[in-house]
Amino acid sequence: MKRVAVVGAQWGDEGKGKVVNYLADGFDWIVRFAGGANAGHTIYVGDRKYVNHLLPCIVPGGRGRGFLGAGMVLDLEQLANELTSLAQDFPGIGTQFAVDLEASVVLPWHKQEDVILEGMRAEPIGTTGRGIGPAYTDKASREGIKLCHLFDERMLAERLENTWNLKQNLYQGRLTMSPSEVVSTLIQLRDRIMQLGVEFTSAVDMAEVFHGTSVLFEGAQGVLLDPDFGTFPFVTSGSCMAHGVSSVGFSTFELDDVAGVLKAYTTRVGAGPFPTEEDSDVTRDIRERGREYGATTGRPRRVGWLDLPALRYAVVRSGLTSFIITKADVLNGLNCIKVCTGYRVAGNVREIPSTSHDFFVAEPVYEELPGWPSTEHVNFLKYMTFIEEQVHVPITHISYGPKTDEMETKGSLIMGI
Ligand code: GDP
Ligand code: IMO
Ligand code: MG
């Protein structure tokens, strides 16, 4: 049984949604295992574009079903809206999804807290405002609400009352919805999601199913936004690593492949270190051609060159076994492509940062490679070989456009050159 994890190898928005959607038909289950509606995963069905924030990037009407795992934080209003809008084009699509009752709930308060905290930070992180940090904080501090609590209304009301008292003390009465309003909102949303056909279950009850079928794991964000290993504190709060597959009872040893999705250049949304960032006519042009605007917030993405030390770091930290490269078509027509091959830290050039702090002080060392007119040109092949030799991870697939079928294996690209 095939088990593959797809994770972002940079700071998110590498094209994970497109890659998962392309691979999805070869799998029985497509599992999102972390993060929440901070993610924005773009897919195409034919010519029509969809952005999934919580739903795994299944093929609507296809063979694979989607599972929302225990490591996720779920904004139920967002989930209901996402399902409702998808169901307009694909009636009954809700039945293609199941959700783990162990997943955490993003409360309306969490979104307010997110905004308040950002406003109080000396250096704001530039969060998406989707309540992600506060929801994970409540999980870690054990104040949070899980989906299973929505089926025990007395316990739900008691827990929310207690959490409300704690929070109103902390936030000096600034949160607006009362606990009873939150209870009734959550129950209504629970019922709406059930009416849309979504199965509420658990990875325990589904253990036999998962272990007897093929599973594709869809990571959110990217390794450099991971709270343990990313550019802390400018990170998200959910795991961005393949080890999140444990949320449906797998160990990473059971994975056949941990595929890192790698954009041919680098982008980042929000604040934080970005050694290869460049603000020039060339990178502004890349932003426009690559439509580098956040799929969740619409913010312009910061743009820079490919960063090999950061990639090596991502490989070591998350055990990537292959790469899928996306958006090289955006660089078509450039005469010269800069690639960062090392970080100068305290006077020494390093191939790989040892800690997340190195990202804050690193000066990038660049090499320049010849550009390519199209991704079928030999110079693009040389670019990929350069990456593989520098990072020691093979590139298996090339994505050369946003549409699902704009993808080929490296082998078939070589045959065509
Ligand atoms: P994700 O968060 O990793 O799923 O990525 P996003 O969906 O946030 O951002 C990737 C953007 O690039 C989306 O607009 C995709 O439609 C688009 N995209 C994905 N792969 C390619 C590609 O190979 N070439 C081009 N030009 N666009 C792509
Ligand atoms: P996908 O899955 C890019 C960034 C935010 C901010 C930081 C913390 O589409 O690749 P949060 O709201 O999570 O507390 O914000 O993380 N961020 C992302 N950047 N892609 C994402 O997801 C992101 N999810 C969060 O911009 O800098
Ligand atoms: Mg995205």
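FYI, side chains are in, hydrogens and waters are out, and symmetry mates aren't considered; it's all heavy atoms of this structure. Both ligands and their constituent atoms are indexed starting at 1 by order of listing. Everything quoted here is computed from the prediction, not taken from an experiment.
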I'd like to know if the side chain of [X] and the backbone of [Y] have a donor-acceptor N/O pair within less than 3.5 Å.
{"X": "Thr283", "Y": "Glu278", "value": "yes"}
{"X": "Asp256", "Y": "Val4", "value": "no"}
{"X": "Glu82", "Y": "His53", "value": "yes"}
{"X": "Lys18", "Y": "Gly401", "value": "yes"}
{"X": "Glu288", "Y": "Asp285", "value": "no"}
{"X": "Asp226", "Y": "Phe229", "value": "yes"}
{"X": "Arg312", "Y": "Glu351", "value": "yes"}

key: Mode of Val330 contact toward ligand 1 - side chain, backbone, both, neither (heavy atoms, under 4.0 Å)   = side chain
Is there a donor in the side chain of [X] and an acceptor in the side chain of [Y], or the other way round, less than 3.5 Å apart?
{"X": "Asp114", "Y": "Thr127", "answer": "yes"}
{"X": "Tyr171", "Y": "Glu113", "answer": "yes"}
{"X": "Arg65", "Y": "Thr95", "answer": "no"}
{"X": "Thr266", "Y": "Asp307", "answer": "no"}
{"X": "Gln112", "Y": "Thr176", "answer": "yes"}

Check ligand 1 against [X] and write out every atom of the ligand that is under 4.0 Å from a heavy-atom position of the residue.
{"X": "His41", "result": "1 (P), 2 (O), 4 (O), 7 (O)"}
{"X": "Ala295", "result": "8 (O)"}
{"X": "Gly17", "result": "4 (O)"}
{"X": "Tyr400", "result": "23 (O), 24 (N)"}
{"X": "Ser399", "result": "20 (N), 21 (C), 22 (C), 23 (O)"}

Tell me if the centroids of the rings in [X] and [Y] come within less than 6.0 Å of each other.
{"X": "Phe67", "Y": "Phe210", "result": "yes"}
{"X": "Tyr50", "Y": "Phe90", "result": "yes"}
{"X": "Phe217", "Y": "Phe250", "result": "yes"}
{"X": "Phe359", "Y": "Phe274", "result": "no"}

Give the residue, atom name and distance (to 0.1 Å) of the protein heavy atom nearest [atom].
{"atom": "atom 18 (N) of ligand 1", "answer": "Pro402 CA, 3.9 Å"}
{"atom": "atom 6 (P) of ligand 1", "answer": "Gly40 O, 3.5 Å"}
{"atom": "atom 10 (C) of ligand 1", "answer": "Asp13 O, 3.8 Å"}
{"atom": "atom 14 (O) of ligand 1", "answer": "Thr42 OG1, 3.9 Å"}
{"atom": "atom 24 (N) of ligand 1", "answer": "Asp329 OD1, 2.8 Å"}

ask   = Going by distance only, is there an N or O of Gly15 that falls short of 3.5 Å from an N or O of ligand 1?
value = yes
Neighbouring protein residues of ligand 2 - any heavy atom closer than 4.0 Å =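 Only Trp11, Gly12, Asp13, Lys16, Asn38, Ala39, Gly40, His41, Ile125, Gly126, Thr127, Thr128, Ala220, Gln221, Leu225, Val235, Thr236, Val269, Gly270, Arg299 have heavy atoms that fall under 4.0 Å of ligand 2, ordered by chain and number.
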query = Who's closest to atom 9 (O) of ligand 1 heavy-atom-wise, of Met407, Glu218, Glu292, Arg301?
reply =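 Result: the heavy atom closest to atom 9 (O) of ligand 1 is in Arg301.
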inquiry  = For atom 12 (O) of ligand 1, which of the options Glu406, Lys327, Lys16, Gln10 provides the nearest non-hydrogen atom?
reply    =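 Looking at heavy atoms only, the winner is Lys327.
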ask   = Side-chain contact, heavy-atom cut-off 4.5 Å: Leu216 with Val20?
value =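 Yes - at least one pair of side-chain heavy atoms lies under 4.5 Å apart.
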ask   = Is the closest heavy atom of Gly401 to ligand 1 under 4.0 Å?
value =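 Contact check Gly401 vs ligand 1: positive.
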ask   = Is any protein N, O or S atom closer than 2.8 Å to the Mg ion (ligand 3), and if so, which?
value = Asp13 OD1, Gly40 O
